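Reviewing the structure listed below.
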Amino acid sequence: GAFALVAFGGAGPQHACDVAERLGMRSVFVPEDAGVLSAVGLQAARPERFSERQIGLPLEASLQMLPKILGELKDQALELLARDTGEELPRVDSPLVLLELRLKGQESPLQVEWTGDVGDLRGLYVQAYERQFGYTPPADRQVEVVSGRLALRLRGGQWTAEKAVVADAVPLADETGGTRLIQDAFSTLVVRPGWQVVRRQGLGYVLNRVRQGSAEHPAESNPASAGV
């Protein structure tokens with residue numbers, strides 16, 4: 001199929017081949033540091049701060065006020081980031097502006113991402129309304145801006161896409177007719193018969209089902225009993 005099963009966590013890779021077979025999937029991806037993926041994500045994440053304010057005005061009346069309101073929200077978020085980082089003026093990416101709008105009289109608003117173009121704000125709301133309900137909102141109903149939210153993220157390095165280097169190719173797991181275990185400090189990958197595994201440097205393990213394996217593995221239901 002066109003999709004791959006992503007296995008992570010300390011135990012996820014132990015069951016990946018079995019789960020993929022039951023789902024009819026032929027590919028599995030196990031990321032580098034699969035057993036500590038959440039911790040790696042926290043370490044790589046860039047600090048971010050939000051600032052928000054209730055507005056509660058008709059759309060037309062709020063357009064003139066929005067630049068001032070968003071400027072104040074940006075100052076607040078920047079102050080919070082400065083406090084977090086200890087820098088007087090942190091370098092940040094362009095702000096993300098989220099506005100909540102609704103038809104007057106409605107209870108629940110819809111959120112739109114706004115780039116600052118006052119001419120397209122109503123159009124953004126109409127698009128969000130159509131996605132949510134499947135039809136356009138009544139043209140004679142007043143739209144109101146409920147609240148505004150601004151997010152600032154500390155500027156970091158840019159991710160670049162690089163071609164993966166195939167390294168440490170692992171033989172077919174079923175060459176000896178048994179299950180293969182690949183272990184690191186934080187997780188164990190169980191490669192069932194019928195699956196081929198290749199390690200891609202800096203990315204993780206890619207498993208492909210090359211032939212039909214047994215649907216059940218009663219003799220090896222416990223990975224610890226399979227041997228290393």
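Every value quoted in this text rests on a predicted model; they were computed, and no experiment measured them.
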Would you mind reporting whether [Y] and [X] have side-chain heavy atoms less than 4.5 Å apart?
X	Y	answer
Val191	Tyr205	no
Ile55	Leu66	yes
Asp33	Asp184	no
Pro31	Leu37	yes
Val190	Gln14	yes
Asp84	Arg49	yes
Pro90	Leu78	yes
Val112	Leu101	yes

Nearest heavy-atom neighbours spanning [X] and [Y]:
X	Y	result
Arg141	Lys104	NH2-O, 2.9 Å
Glu21	Pro193	OE2-O, 4.3 Å
Met25	Ala4	CE-C, 3.5 Å
Leu152	Leu81	O-CD1, 3.8 Å
Ala34	Ala7	CB-O, 4.2 Å
Gln111	Glu100	NE2-OE2, 4.0 Å

If Ile, Leu, Val, Met, Phe, Trp and Tyr residues are connected whenever their side-chain heavy atoms lie under 4.5 Å apart, and connections chain through other members, are [X] and [Y] in the same group?
X	Y	value
Ile69	Val97	yes
Val143	Phe133	yes
Val126	Leu63	no
Leu59	Leu110	yes

Could you tell me whether the side chain of [X] and the main chain of [Y] form a donor-acceptor pair under 3.5 Å?
X	Y	answer
Arg200	Val206	no
Arg46	Leu154	yes
Arg26	Asn208	no

Kindly compute the distance separating [atom1] ([X]) from [atom2] ([Y]), expressed to the nearest 0.5 Å.
X	Y	atom1	atom2	value
Trp195	Leu189	CH2	CG	10.5 Å
Leu96	Phe50	CG	CZ	7.0 Å
Leu207	Ile182	CG	CD1	7.0 Å
Arg209	Arg192	CZ	CZ	12.5 Å
Ser187	Phe8	OG	CZ	12.0 Å
Leu150	Leu98	CG	CG	8.5 Å

Legend entry - Test log, rule side chain to side chain contact (heavy atoms under 4.5 Å, CB included), inputs Glu52 and Gln76: CA-CA 9 Å; Glu52 57 188 334; Gln76 292 173 12; over 6 Å; no

Does the pair Lys74/Glu79 count as a salt bridge with the N-to-O cut at 4.0 Å?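 No.
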
- Query: Would Asp93 and Arg153 pass as an ion pair if we require N to O under 4.0 Å?
  - Reply: no

**Item:** Atom OH of Tyr129 with >12 non-hydrogen neighbours under 6.0 angstrom
**Value:** yes

Item checked: Heavy atoms from other residues, nucleotides or ligands near CZ of Phe186 exceed 12 (cutoff 6.0 Å) -> no

Subject >> Verdict with supporting geometry, Trp114 and Leu70, side chain to side chain contact (heavy atoms under 4.5 Å, CB included) >> reply: CA-CA 11 Å; Trp114 191 47; Leu70 295 175; 3.4 Å; yes

### Test side chain to side chain contact (heavy atoms under 4.5 Å, CB included) applied to Val92 and Arg155, step by step
CA-CA 4 Å; Val92 296; Arg155 183 173 298 174; 5.7 Å; no

| task | Given salt bridge (Lys or Arg N to Asp or Glu O under 4.0 Å), test Glu107 with Arg102 step by step and report yes or no. | result | CA-CA 8 Å; Glu107 181 178 352; Arg102 67 185 177 195; over 6 Å; no

